[in-house]
Trainee: 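I have a structure here, written as structure tokens, and I will follow up with some questions on it.
If you read the sequence from its start, that first residue is 1, and numbering goes on from there.
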Amino acid sequence: VQLVESGGGSVQPGGSIQLACVASGVSENYHSIGWFHQAPGKGREGVAALTGSGTEVKYADSVLGRHMIFKSHPKKTVWLRLNQVTPADTGIYFCATREGARGFGSEALKANWYQHWGQGTQVTVSS
């Protein structure tokens, strides 16, 4: 299993940026995908996640209504669009995956639920 994130960069406060997570070695409709944010000097926090089927989606309360997670077929890409960004959104964004969706409702925003991780992509929000 390999995950590769891309799309990071610099963005001004209030702007938007879209991140991509391309997965290989996974079953597109079986593996759950999550996005995590690691702010400078802090641990990884779950941002958003969706099941392989795309029927269940979960967001952290802090980004609900602002960021969006979605997937595109058939390239096994899961996107995270960051909207109305603030300096607090600065950090490294990681995507992660695990087989299946058992426990998704309660575990999908927890880092230890996932089996595989990408290397991350840096987002810097600054004017």
Trainee: Could you measure the distance from the CG atom of Leu50 to the CD atom of Glu56? Nearest 0.5 Å is fine.
Mentor: 10.0 Å
Trainee: Holding to side chain to side chain donor-acceptor pair (under 3.5 Å), I want the full list of residues that pass it with Ser53, two or more places apart in sequence or in another chain.
Mentor: Thr51, Thr55
Trainee: In Å and rounded to the nearest 0.5 Å, what is the CG to CD distance from Asp89 to Gln84?
Mentor: 10.0 Å
Trainee: How far apart are the closest heavy atoms of Ser127 and Pro13, and which atoms are they?
Mentor: N-CD, 3.7 Å
Trainee: I need the minimum non-hydrogen distance between Arg81 and Phe70, along with the two atoms involved.
Mentor: CB-CE2, 4.3 Å
Trainee: Can you tell me how far apart OH (Tyr30) and OG1 (Thr97) are? Round to the nearest 0.5 Å.
Mentor: 10.5 Å
Trainee: Any heavy-atom pair between the side chains of Glu5 and Leu19 that's under 4.5 Å?
Mentor: no
Trainee: What's the separation between atom CD in Glu99 and atom NE2 in His116, rounded to the nearest 0.5 Å?
Mentor: 6.5 Å
Trainee: Would Phe94 end up clustered with Val85 when hydrophobic side chains under 4.5 Å apart are linked, directly or stepwise?
Mentor: no
Trainee: What's the separation between atom CD in Gln18 and atom CG in Asn83, rounded to the nearest 0.5 Å?
Mentor: 8.5 Å
Trainee: Under 4.5 Å between side-chain heavy atoms, counting indirect links through other Ile/Leu/Val/Met/Phe/Trp/Tyr residues: same cluster for Val11 and Trp79 or not?
Mentor: yes
Trainee: Establish whether Leu109 and Val78 are linked, either directly or via other cluster members, by ILVMFWY side-chain heavy-atom contacts under 4.5 Å.
Mentor: no
Trainee: Indicate the atoms forming the closest heavy-atom contact of Trp35 with Cys21, along with that distance.
Mentor: CZ2-CB, 3.4 Å
Trainee: Students often mix this up, so state it plainly: with edges at 30° and 60°, are the rings of His37 and Tyr93 parallel, tilted or perpendicular?
Mentor: parallel
Trainee: Taking all non-hydrogen atoms of both residues into account, name the closest pair between Pro40 and Gly91 and its distance.
Mentor: CD-CA, 4.3 Å
Trainee: Using the test side chain to side chain donor-acceptor pair (under 3.5 Å), find all partners of Asn29 that sit at least two apart in sequence or belong to another chain.
Mentor: none
Trainee: What pair of heavy atoms forms the shortest contact from His67 to Leu82, and how long is it?
Mentor: ND1-CA, 3.3 Å
Trainee: Who clusters with Val1? Use side-chain heavy atoms, under 4.5 angstrom, across I, L, V, M, F, W and Y, and order the result by chain and number.
Mentor: Val26
Trainee: Hey, does Trp117 have a side-chain heavy atom less than 4.5 Å from the side chain of Arg44?
Mentor: yes
Trainee: When rounded to the nearest 0.5 angstrom, what distance separates NZ in Lys76 from NE2 in His31?
Mentor: 9.0 Å
Trainee: So with a 6.0 Å cut-off around CD of Gln119, is the heavy-atom count from everything else above 12?
Mentor: no
Trainee: Between the side chain of Lys58 and the main-chain N/O of Ser106, is any donor-acceptor distance below 3.5 Å?
Mentor: no
Trainee: Are Val63 and Ile33 joined in one hydrophobic group, where the rule is that I, L, V, M, F, W and Y side chains link up if heavy atoms are under 4.5 Å apart?
Mentor: yes
Trainee: Count the heavy atoms belonging to other residues, nucleotides or ligands that lie under 6.0 Å from CD of Glu45, then report whether that count exceeds 12.
Mentor: no
Trainee: Check the orientation of Trp113 and Phe104. Use parallel for under 30°, tilted for 30 to 60°, and perpendicular for over 60°.
Mentor: perpendicular
Trainee: Please examine the side chains of Val57 and Ile69, heavy atoms only from C-beta on, and report whether any two atoms are closer than 4.5 Å.
Mentor: yes
Trainee: Do Ile92 and Val123 belong together in a cluster built from hydrophobic side chains that touch within less than 4.5 Å?
Mentor: no
Trainee: Give me the atom names and distance for the closest heavy-atom approach of Arg66 to Thr86.
Mentor: NH1-N, 4.3 Å
Trainee: Is there a side-chain contact between Thr121 and Ser6, using heavy atoms and a 4.5 Å cut-off?
Mentor: no
